[in-house]
Amino acid sequence: MRIATWNVNSVRSRIDRVEAFLQRQDVDVLALQETKARDDQWPTMGLQALGYEVATYGLNQWNGVAIVSRVGIEDVQQGFDGMPGYGDPVAAEARAIGATCDGVRVWSLYVPNGRAVGDPHLDYKLAWLEALRTNAAGWLADDPDRAVALTGDWNIAPLDEDVFDIAQFAKSTHVTPPERAAFQAVVDAGYADVVRPLLPGPEVYTYWDYYRQRFERNRGMRIDFVLGSPAFAARVTGARIDRDERAGTGASDHAPVIVDLSD
DNA sequence: ATGGTCGCGGTGCGA
């Protein structure tokens with residue numbers, strides 16, 4: 001079974017790339033973030049023609065998550081208990097969707113950006129992560145042997161080596177101690193980074209800003225992760241980042257992260 | 001320190 005996670009930065013503007021990616025990489029389950037499409041706007045027809053089912057959670061043109069699967073989608077859950085929103089309730093948030101695909105519980109997560117140090121949005125980000133941690137700990141307490149994957153755009157670079165120049169992030173979000181502590185708390189709850197041990201080299205960035213030719217100069221960040229429960233991590237046989245998907249015109253600013261599982 | 005580029009929707013905002 002092959003699982004991928006990808007912040008696609010608008011599924012409507014990139015549906016051709018999504019379909020090509022699924023076929024090129026032979027992906028069974030794809031978790032998407034920042035789909036920027038309401039549920040009624042989703043371009044599902046081509047995906048269905050390729051044999052995929054789609055579970056979406058989109059309420060506005062900014063956020064939105066989804067799970068695309070050709071190995072079944074059961075027990076779909078939009079959001080998690082106590083998932084906080086932000087600001088005007090009209091601008092409702094849709095940042096998490098979970099589903100069970102061939103026995104594996106897959107979550108597609110779009111962690112709030114945080115915007116800037118001192119911005120209330122950063123407090124919201126931390127509250128969101130704490131609610132996620134509480135839920136994720138509960139899922140393992142209920143069933144320690146369950147294969148659970150927390151995939152998505154975490155908007156956190158846990159280590160200094162996860163950004164191209166840590167000095168440039170001295171006053172920025174994504175690398176602050178509270179954000180890193182929030183990420184570590186999920187790890188401590190029993191969810192391991194299953195990608196890094198299999199990619200020991202320096203080519204681990206998953207995001208390159210559109211500005212200033214950041215991709216061409218490889219000035220990136222590692223902010224997209226697959227965290228797995230013990231039962232999930234035990235099945236991981238391979239991992240890679242599809243850098244080619246970030247290249248060329250019409251690319252998302254994130255690259256997909258792909259993980260292979262044994263049966 | 002600033003500005004640079006995208007996507008959305010049809011203006012500026014969020015990333």
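Labels below follow one simple rule: chain letters A, B, ... track the order of the sequence lines, proteins then strands, and each chain is numbered from 1.
Sorted by first then second residue, the ring pair (Phe, Tyr, Trp, His ring centres under 6.0 Å) pairs that include residues 234-263 of chain A, not counting sequence neighbours, are A:Y207-A:H254.
Rounded to whole Å, the separation between the P atoms of B:dG14 and B:dG10 comes to 16 Å. As rounded to the nearest Å, B:dA15 and B:dG3 have C1' atoms that lie 15 Å from one another.
Atom pair A:E34:CD and B:dT5:P shows a separation of 19 Å (rounding to whole Å applied). Atoms CH2 (A:W62) and P (B:dA15) sit 10 Å apart, rounded to a whole Å. Rounded to whole Å, atom C1' of B:dC13 lies 13 Å from atom OH of A:Y86. When the P atom of B:dG14 is taken as reference, atom CG of A:N7 falls 17 Å away, rounded to whole Å.
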Tell me which donor-acceptor pairs under 3.5 Å the side chains of residues 42-59 of chain A have, and how far apart each pair is, sequence neighbours excluded?
from: A:Y52; atom 1: OH; to: A:V27; atom 2: O; distance (Å): 2.6
from: A:T56; atom 1: OG1; to: A:D39; atom 2: OD1; distance (Å): 2.8

Solution key, residues 175-186 of chain A side-chain donor-acceptor pairs under 3.5 Å, sequence neighbours excluded:
from: A:T176; atom 1: OG1; to: A:E179; atom 2: N; distance (Å): 3.4
from: A:T176; atom 1: OG1; to: A:E179; atom 2: OE1; distance (Å): 2.6
from: A:E179; atom 1: OE1; to: A:H174; atom 2: N; distance (Å): 2.9
from: A:E179; atom 1: OE2; to: A:K125; atom 2: NZ; distance (Å): 2.5
from: A:E179; atom 1: OE2; to: A:H174; atom 2: N; distance (Å): 2.9
from: A:R180; atom 1: NE; to: A:A157; atom 2: O; distance (Å): 2.9
from: A:R180; atom 1: NE; to: A:P158; atom 2: O; distance (Å): 3.1
from: A:R180; atom 1: NE; to: A:V175; atom 2: O; distance (Å): 3.4
from: A:R180; atom 1: NH1; to: A:D160; atom 2: OD1; distance (Å): 2.9
from: A:R180; atom 1: NH2; to: A:A157; atom 2: O; distance (Å): 3.3
from: A:R180; atom 1: NH2; to: A:L159; atom 2: O; distance (Å): 3.4
from: A:R180; atom 1: NH2; to: A:D160; atom 2: OD1; distance (Å): 3.0
from: A:Q184; atom 1: NE2; to: A:D188; atom 2: OD1; distance (Å): 2.9

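Proximity of residues 117-131 of chain A to DNA chain B (heavy atom under 4.0 angstrom from any strand atom) is not detected for any residue. Taking a 4.0 Å limit (strictly below) on heavy-atom distances, residues 207-216 of chain A reaches DNA chain B at A:Y210, A:Y211, A:R212.
Residue A:L32 is tested with A:N9, A:D153, A:V8, A:T5 for a side-chain contact (heavy atoms from CB on, under 4.5 Å); the sole match is A:V8.
Rounding to the nearest 0.5 angstrom, the gap separating the CH2 atom in A:W6 from the CD atom in A:Q25 is 10.5 Å. Taken from CG in A:D193 to CG in A:L150, the straight-line distance is 11.5 Å, to the nearest 0.5 Å.
Two residues, A:K171 and A:S10, neighbour DNA chain B, and the one matched to the more 5' nucleotide by heavy-atom proximity is A:K171.
Using a 4.0 Å heavy-atom distance criterion, A:R38 is classed as making no nucleic acid contact.
Every salt bridge (Lys or Arg N to Asp or Glu O under 4.0 Å) that A:R2 has, sequence neighbours left out, goes to A:D260.
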message: Let's go through A:R24 and A:D244 carefully: what are the C-alpha distance in whole Å and the side-chain angles of both, what is the deciding distance for salt bridge (charged side-chain N to carboxylate O under 4.0 Å, His left out) to 0.1 Å, and is it a yes or a no?
response: CA-CA 11 Å; A:R24 181 175 75 253; A:D244 294 342; 5.9 Å; no
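The two atoms that bring A:R222 and A:Y205 nearest to each other are N-CD2, 3.9 Å, heavy atoms only.
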